[in-house]
Amino acid sequence: MLQKLSEDDFGVNVLAKEVRLSRSQLHRKLKSLTGKSASCFIRETRLLHASELLKENNNTVSEIAYKVGFSSASYFNKCFHDYFGHSPGAHKHFPNWQNKPETEFKSGKRIKPFPNLYHRLNRHIWVIIVVILLVVLLLFLWLWI
């Protein structure tokens with residue numbers, strides 16, 4: 001798998017053909033072993049390999065994105081940030097980063113880390129406060145008139 005990882009057309013179908021399983025059998029086996037779909041497994045393997053290359057190479061982030069099989073550097077940056085919680089550029093300049101993801105991919109969707117949940121709840125609380133203030137203001141105006 002690591003030998004074909006740099007090919008941007010390497011995907012679930014190619015992996016299934018290489019291991020001589022059908023696409024659905026491969027999906028079931030990977031899901032039972034790793035808890036991830038085949039496409040998520042390939043993406044995470046690419047990201048972890050990119051992390052190692054960022055630590056040891058002097059190549060640019062775009063070059064490394066293409067080396068690990070991403071056809072778009074911007075999509076690579078998005079996936080890398082979603083997975084590790086920081087940009088590949090930061091990862092390259094601070095090689096002490098651990099290969100521990102901030103989030104996990106599950107079926108193509110990511111689970112947002114706790115700080116994002118906090119900010120989301122914080123926004124909802126402000127919306128609720130504003131709505132309550134408007135209701136109080138309308139009640140006050142209604143009683144005044």
Study note, to complete from the structure: Separation between CD (Glu56) and CD1 (Ile64), nearest 0.5 Å, reads 8.5 Å
Study note, to complete from the structure: In this structure, CG of Leu137 is separated from CD1 of Ile132 (nearest 0.5 Å) by 13.5 Å
Check your understanding: Which distance, rounded to the nearest 0.5 Å, do you find between the CG of Leu15 and the CG of Leu26?
Key -> 5.0 Å
Point to revise | Non-hydrogen side-chain atoms of Phe10 and Arg46 separated by less than 4.5 Å | key: yes
Exercise for review: Please confirm whether the backbone N or O of His49 pairs with a side-chain atom of Glu52, one donor and one acceptor, at under 3.5 Å?
Suggested key: no
Review point. Where do Lys78 and Phe70 land on the side chain to side chain contact (heavy atoms under 4.5 Å, CB included) test, with the steps shown first?
Key: CA-CA 11 Å; Lys78 179 198 174 306; Phe70 281 88; over 6 Å; no
Practice item. May I ask you to check whether Thr60 and Ser62 show a side-chain donor-acceptor distance below 3.5 Å? Key: no
Practice item. Give the cluster check for Leu54 versus Tyr66: same hydrophobic cluster or not, with ILVMFWY residues linked at side-chain heavy-atom distances below 4.5 Å. Key: no
Review point. Quick one: are Asp9 and Val14 in side-chain contact, heavy atoms under 4.5 Å?
Key: no
Revision key, fill the gap. Heavy-atom nearest pair, Phe41 first then Lys36, reads N-CB, 4.5 Å
Check your understanding: Just how far is it from atom CG of Leu48 to atom CZ of Phe80, taken to the nearest 0.5 Å?
Key -> 9.0 Å
Exercise for review: Spell out, as yes or no, whether a donor-acceptor pair under 3.5 Å connects the side chain of Thr34 to the backbone of Lys31.
Suggested key: no
Point to revise | Non-hydrogen side-chain atoms of Ser87 and Asn77 separated by less than 4.5 Å | key: no
Exercise for review: Examine distances only and state if a side-chain atom of Ser51 and a backbone atom of Leu47 form a donor-acceptor pair shorter than 3.5 Å.
Suggested key: no
Check your understanding: To the nearest 0.5 Å, what is the distance between CZ (Arg28) and OG (Ser37)?
Key -> 14.5 Å
Practice item. Calculate, to the nearest 0.5 Å, the distance between atoms CG and CG belonging to Leu30 and Leu21 respectively. Key: 9.0 Å
